[in-house]
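Lettering of chains follows the sequences in order, A, B, ..., and the numbering in each one begins at 1. Only heavy atoms go into these numbers, but all of them, side chains included; no hydrogens, no water, no symmetry mates.
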There are 2 protein chains.
Amino acid sequence: MLLRKADVVEGALKFLDTEGLDKLTMRKLGAALNVHGGALYRHFPNKAALLEAMANKLTEGVGVPLPEAPWRDQIYVLGQRFRTAMLAHRDGARLVSGTHATGANSITAGSLVVDVLCGAGLAPAQAGSLAFSLYYYVLGHTLDEQNQAYTPEEEWQSGENQLASTLSPRYAEAFASLMNTDPAERFAYGLNTFIEGVASRIPHS
Amino acid sequence: MLLRKADVVEGALKFLDTEGLDKLTMRKLGAALNVHGGALYRHFPNKAALLEAMANKLTEGVGVPLPEAPWRDQIYVLGQRFRTAMLAHRDGARLVSGTHATGANSITAGSLVVDVLCGAGLAPAQAGSLAFSLYYYVLGHTLDEQNQAYTPEEEWQSGENQLASTLSPRYAEAFASLMNTDPAERFAYGLNTFIEGVASRIPHS
DNA sequence: ACCTGAACACCGTTCAAGT
DNA sequence: ACCTGAACACCGTTCAAGT
C-alpha cells in the first residue's frame, strides 16, 4: 500500500470532489489514503506544496498547442480551456487561486497567451500585461461561479437582493437577470468583451 | 476599556497593517486590544463576520457619488478607487477577496457601475455582467500587486523566470518588462483596455 | 523508503463564572 | 453588557521508532 507522489495528488483531487477544499486536511486526506496524516510529509514538504501540485495537475491541459486560427479565436479557446479545467473539480478555482501559480503549466499557458498576442501585433510588454488581465478575469469569474454553485441559494438572496432593489432598480434588474442566465454565456460575453478591448490595442488593425 | 464593534474593526485593521492577515487570529487580535480572544465573540458571531466588517470598512469610499463626466472617465475612477482602497491596508485585497462581498459598500459600488454603463447605452443585463468583469480585473490585479509587494524577490525569480526564459524568449521578455514597470501604470493600461472592450459593446457609438 | 504513534504549538469557538 | 479562564475539537508539522 505504498504511496507515490502522484497517488497522493490523485487521491487529493478525488477527496476534493467528494468533500471540498475546506475539509481537505492532512489528517483526513491521510485517512482517505489509509495512512496517517504525518506520512504525507514523506511526499510533500508541506500542505502548500501539495495544493500546488494539485493545482498544477488540474491545469495540465490548458497549455497544449493551439490549432491555427485567428488570434481572437485562440485567446477565446485559451480562456475557455482554463475555465473548463478549473470547473472539472469541486473548488478547483479556489484551489488555483490559493496557489502561487508558479507551476510549469501556468507558465506554458501564459507564454501561449503572450505568443498569440505578440503574433497579433502587440509588443511583449503589453502582451504580458494583458495576459495577466485575462488570467484575472477567467479566474475571478470561475471562482464566483463555483462558489455560488456550492452556496445555498438563500444566502445570496438575503444579502444582495433585498438591499439592491431598494437602492437602484436598474441594479436589481441587472442582478436578477444575471441569476437567470447561464454562467457559461456570461463568461463568454465577458471574455469576448475583453478580446475586443485587446483588439483596440493593436496598431492599425 | 470596554470595546465597541467599531473599535474592534479599527483595531483589526491596525493589526492587519503591522502583522498581516496570516497572523490575524482571534487570540492575537484580542491581545492587541487587551482582551481575551473569546471576548471578541460578544461583538461578532464569528471570525468571518469580523473579516467581512473589515472588508466593508476598507471599501467605504468606493461608492460615493461620482462627479459628472463621460462614462469612460467614471468607470476609470471607480476602478482606481477600488484599487486604492484595497492598497490602503496591508493584505487589503486578500481580505476583500476572502469575503462574500455581500456588504453594503460593494452593493452601492456595484450599482454605481451598473448605472454608469446603463447611462452609456448598455442594457442592464450586460451592464451587470461587465460590472462583475471589472470587479474581477481590479481585484485580481491588486491581489497580485500586493502579494508581490510582501513576497521576497527571490521566490518569484526562482520559479517563474528561469523556466520562462528556456520556454519562450518572448514570454521572458514580457515578464521582465512587467517587473520593471510601475504597477499603477500596468493597472491603468489594463483598466483602459477593459473600458475599450466595454465601448465595443455599446450600440452605434 | 515509507509509515506509525505521539507529541508540540497552535487554531476557532463555547460557556460557566465573574464584574 | 462585557470580560475571564478554561475547556473542546480540531489544525499543520515534526520525529523517534518501527517494518
Peer 1: How would you list, by chain and number, every residue that makes a salt bridge (Lys or Arg N to Asp or Glu O under 4.0 Å) with B:Arg201, sequence neighbours excluded?
Peer 2: none
Peer 1: Would you call B:Lys23 and B:Asp91 a salt bridge, using N to O less than 4.0 angstrom?
Peer 2: no
Peer 1: Name each donor-acceptor pair under 3.5 Å that joins a side chain in residues 50-59 of chain B to protein atoms two or more places apart or in another chain, with its distance.
Peer 2:
{"from": "B:Asn56", "atom 1": "OD1", "to": "B:Asn105", "atom 2": "N", "distance (Å)": "3.4"}
{"from": "B:Thr59", "atom 1": "OG1", "to": "B:Ala55", "atom 2": "O", "distance (Å)": "3.1"}
{"from": "B:Thr59", "atom 1": "OG1", "to": "B:Asn56", "atom 2": "O", "distance (Å)": "3.4"}

Peer 1: side-chain hydrogen bond (donor to acceptor under 3.5 Å, both in side chains) with B:Tyr189: which residues, sequence neighbours excluded?
Peer 2: none
Peer 1: Could you pull out all residues at least two apart from A:Glu196 that satisfy side-chain hydrogen bond (donor to acceptor under 3.5 Å, both in side chains)?
Peer 2: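 By the side-chain hydrogen bond (donor to acceptor under 3.5 Å, both in side chains) rule, A:Glu196 matches A:Arg72.
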Peer 1: What pairs with B:Glu19 under side-chain hydrogen bond (donor to acceptor under 3.5 Å, both in side chains), at least two apart in sequence or on another chain?
Peer 2: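 If we apply the side-chain hydrogen bond (donor to acceptor under 3.5 Å, both in side chains) test to B:Glu19, skipping adjacent residues, there are no hits.
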Peer 1: What string of B, S and - do you get for nucleotides 5-18 of chain C, 5' to 3', if B is base contact, S is sugar-phosphate-only contact and - is no contact with any protein heavy atom under 4.0 Å?
Peer 2: S-B---BBBB----
Peer 1: Rounded to whole Å, please give me the gap between CZ in A:Phe44 and P in C:dC2.
Peer 2: 12 Å
Peer 1: Which whole-number value in Å describes the distance from B:Lys5 NZ to D:dA1 C1'?
Peer 2: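 B:Lys5 atom NZ is separated from D:dA1 atom C1' by 15 Å.
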Peer 1: Quickly work out the A:His43 NE2 to C:dC3 C1' distance and round it to whole Å.
Peer 2: 9 Å
Peer 1: In chain order, what residues pass the side-chain hydrogen bond (donor to acceptor under 3.5 Å, both in side chains) check against B:Arg170, with sequence neighbours excluded?
Peer 2: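 Partners of B:Arg170 under the side-chain hydrogen bond (donor to acceptor under 3.5 Å, both in side chains) test: A:Asp115.
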Peer 1: Show me the side-chain donor-acceptor pairs of residues 173-180 of chain A shorter than 3.5 Å, one per line, residues at least two apart or across chains.
Peer 2:
none

Peer 1: According to the Watson-Crick and G-U wobble definition with distances under 3.5 Å, which dot-bracket string, read 5' to 3', encodes DNA chain C, using [ ] for crossing pairs and | for pairs with another strand?
Peer 2: ||.|||||...|||||.||
